[in-house]
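What follows is one structure encoded as structure tokens, with my remarks underneath.
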Amino acid sequence: MSVMEQSWEKNIRKCVPYVAGEQPEKAKMIKLNTNECPYPPAPGVKKAEEEMNLGNLRLYPDQNVTSLVNALAEYYHVNPKQVFVGVGSDDVLATSFLTFFNSDKPILFPDVTYSFYDVWANLYRIPFKTCPLDEEWKIVAEDYKQPNGGVIFPNPNAPTGVFEPLEKVEEIIKANADSVVIVDEAYVDFGGESALPLVEKYDNLLVVQTFSKSRSMAGLRIGFCIGSEKLIKYLNDVKFSINSYTMNRPALALGVEAVKDDAYFKMVTGKIIATRERVKKELAELGFTFPDSKTNFIFASHKTVPAKEIFEALREQDIYVRHWNKPRIDNSLRITIGTDEEMDVLISFLKKYLAGK
Ligand code: PMP
């Protein structure tokens, strides 16, 4: 790799990180370097630690997240130096905003998208400009060909569920050699196509994914991103300037187990895709319209009954879907794909409810 500075590197927050004490993993050692407690945790914790093989909770975890970085690098066929792991993809994204969006020019993202992007931009005082999705909820590539301090969009997008073909993603990356382009692939495992192969071609592309959806582990908080070694180095410099020990030992141990079991991963995502496809048909029969979804949710509007009314009626049944009182999307519901049984309950309630309207 060239040591010359690329044009996109000018926009980046560069920092000299804190250096934490080393965390050797020797069976026999006298470890007096990072002020840990020499006694085991409370008996209940100790029992869980041993039974679940969570690692030695008395000691700090590996600040370099080596086991999980290596497992992901092997799975996605990249160099471990191209992988960064964080506390859910929210942590990866927040750290990326802080690291890569450090210009006076506005960053660009869609008007209808993950509602955390403008929150981070405001928090970090990053100027931003939103680009309207077209009437089919699609990204307009031309909008991303204006001067900017960075670009971010989810693919598939949320809450629309719409997947953009890789040609359009590449067109946007190509037009933005002077800034970092982040593709948030939180939902890519449900039938989309990842931009990961483009990482080899574009050293300013960062692809972010999560264990929260397709790997059924929202409760553990694991997210990761893959990009050029340069991008990952800048990201680590910022991480190590905030909190060296982001990933706890249980997350590391259980995260590695999840990556190892590809058959289970494929089985679960396959099941969700199959359920989604039949729920699409059933919702359409009930008078709902929606953009085609490649995610684990459907963004549906009813032809006659306002979304808010349906949302409240479902809530009374303890069926929770998502509704936003926001321009453009206030007549839509985002319905997550649950088990077949859960979706049967939803559909049969909607049938009865809508028949009475
Ligand atoms: N990106 C998108 C588009 C999302 O919808 C979500 C889920 N709220 C996330 C990132 C963050 O997910 P997590 O922090 O659980 O990985």
Side-chain angles (χ1 to χ4, degrees), residues 6-13 89 92-122 124-188 192-209 225-228 230-231 234-235 291-292 294-295 299 326-329:
Q6 305 291 323
S7 56
W8 55 262
E9 291 184 80
K10 291 187 180 64
N11 287 335
I12 284 186
R13 186 181 305 273
S89 56
V92 176
L93 289 165
T95 312
S96 299
F97 268 59
L98 186 58
T99 311
F100 301 125
F101 299 159
N102 190 37
S103 155
D104 295 335
K105 291 183 209 142
I107 62 165
L108 306 175
F109 50 84
D111 65 337
V112 177
T113 195
Y114 185 30
S115 48
F116 224 140
Y117 296 163
D118 58 353
V119 174
W120 288 314
N122 285 322
Y124 295 137
R125 311 284 189 264
I126 301 164
F128 65 93
K129 195 166 160 184
T130 58
C131 305
L133 297 176
D134 72 11
E135 61 288 352
E136 290 182 312
W137 305 111
K138 296 222 163 80
I139 286 175
V140 181
E142 287 307 312
D143 292 348
Y144 296 83
K145 297 177 184 174
Q146 55 180 309
N148 65 70
V151 169
I152 179 161
F153 55 88
N155 196 31
N157 198 3
T160 62
V162 172
F163 170 71
E164 300 288 357
L166 276 197
E167 297 78 63
K168 195 191 277 186
V169 173
E170 184 163 12
E171 185 187 339
I172 293 172
I173 301 164
K174 246 190 202 156
N176 284 288
D178 293 346
S179 33
V180 173
V181 177
I182 302 179
V183 183
D184 176 354
E185 295 189 336
Y187 301 101
V188 78
E193 195 183 348
S194 175
L196 276 175
L198 298 177
V199 159
E200 292 311 309
K201 241 167 121 179
Y202 301 97
D203 59 3
N204 58 330
L205 165 66
L206 193 74
V207 175
V208 181
Q209 295 191 7
C225 63
I226 295 178
S228 62
K230 267 190 174 177
L231 284 180
Y234 284 124
L235 206 46
D292 192 34
K294 291 269 190 228
T295 59
F299 189 58
K326 274 192 179 176
R328 282 197 87 180
I329 60 170

Between the CD1 atom in Ile126 and the OH atom in Tyr117, the distance rounded to the nearest 0.5 Å is 13.0 Å
Rounded to the nearest 0.5 angstrom, the CZ-OG1 distance for Phe153 and Thr113 is 9.5 Å
Pro132 and Asp143 have their tightest heavy-atom pair at O-OD2, 3.7 Å
State whether the side chain of Asp184 and the backbone N or O of Ile152 hold a donor-acceptor pair below 3.5 Å, judged by distance alone. no
The reported gap from CD1 in Ile173 to CG in Leu198 (rounded to nearest 0.5 angstrom) is 5.0 Å
(request) Check the pair Phe299 / Trp137 against ring-ring contact (aromatic ring centres under 6.0 Å, His included), numbers first and verdict last. (result) CA-CA 11 Å; Phe299 189 58; Trp137 305 111; 5.5 Å; yes
Minimal heavy-atom distance between Phe101 and Gly150, with the atoms involved, is CE2-CA, 3.6 Å
Arg13 side chain to Leu98 main-chain N or O, any donor-acceptor pair under 3.5 Å?
yes
Would a distance-only check, ignoring hydrogens and angles, find a side-chain to backbone donor-acceptor pair under 3.5 Å from Asn11 to Asp178? yes
Between Leu206 and Ser96, the two heavy atoms sitting closest are CD2-OG, 3.5 Å
- Flag the pair Glu142 and Lys145 as a salt bridge only when some basic side-chain nitrogen lies within less than 4.0 angstrom of an acidic carboxylate oxygen. yes
For Glu193 and Glu185 the tightest heavy-atom approach is O-OE2, 4.1 Å
Quick one: does Lys168's side chain have a donor or acceptor within less than 3.5 Å of a partner on Ile139's backbone? yes
dist Ile226:CD1 -> Ser194:OG (nearest 0.5 Å) comes out at 7.5 Å
Open item on the list: Surrounding CG of Asn122 (heavy atoms of other residues, nucleotides or ligands, distance under 6.0 Å), is the total greater than 12?
Closed with: yes
**Prompt:** If we only count heavy atoms from C-beta on, is the Thr130 to Phe109 side-chain gap below 4.5 Å?
**Reply:** yes
| said: Do Pro154 and Tyr187 have side chains that approach each other closer than 4.5 Å (heavy atoms only, starting at C-beta)? | reply: no
Using side-chain heavy atoms (C-beta onward) and a distance below 4.5 Å, is Lys174 in contact with Tyr202?
yes
Aromatic contact between Trp120 and Tyr124, with the criterion being ring centroids under 6.0 Å apart: yes or no? no
Distance col, row Trp8:CH2 vs Lys10:NZ, nearest 0.5 angstrom, shows 11.0 Å
- Task: Using atom types as modelled and distance alone, determine if a side-chain donor or acceptor of Asn155 lies under 3.5 Å from a backbone N or O of Val188.
- Result: no
Nearest heavy-atom contact between Gly161 and Pro156 is O-CB, 3.9 Å
For Val199 and Ser228 the tightest heavy-atom approach is CG1-N, 4.2 Å
- Query: Is the ring centre of Phe100 less than 6.0 Å from the ring centre of Tyr234?
  - Reply: no
Is it true that a side-chain atom of Arg328 and a backbone atom of Leu133 form a donor plus acceptor pair closer than 3.5 Å? yes
- Task: Report the C-alpha distance between Asn204 and Asn176 in whole Å, list the side-chain angles of each, state the deciding distance to 0.1 Å, and finish with yes or no for side chain to side chain donor-acceptor pair (under 3.5 Å).
- Result: CA-CA 9 Å; Asn204 58 330; Asn176 284 288; over 6 Å; no
Could you check Ser115 against Lys326 for side chain to side chain contact (heavy atoms under 4.5 Å, CB included), going step by step and ending with a plain yes or no? CA-CA 11 Å; Ser115 48; Lys326 274 192 179 176; 3.4 Å; yes
CG of Leu231 to CG of Asp203, rounded to nearest 0.5 Å, is 7.0 Å
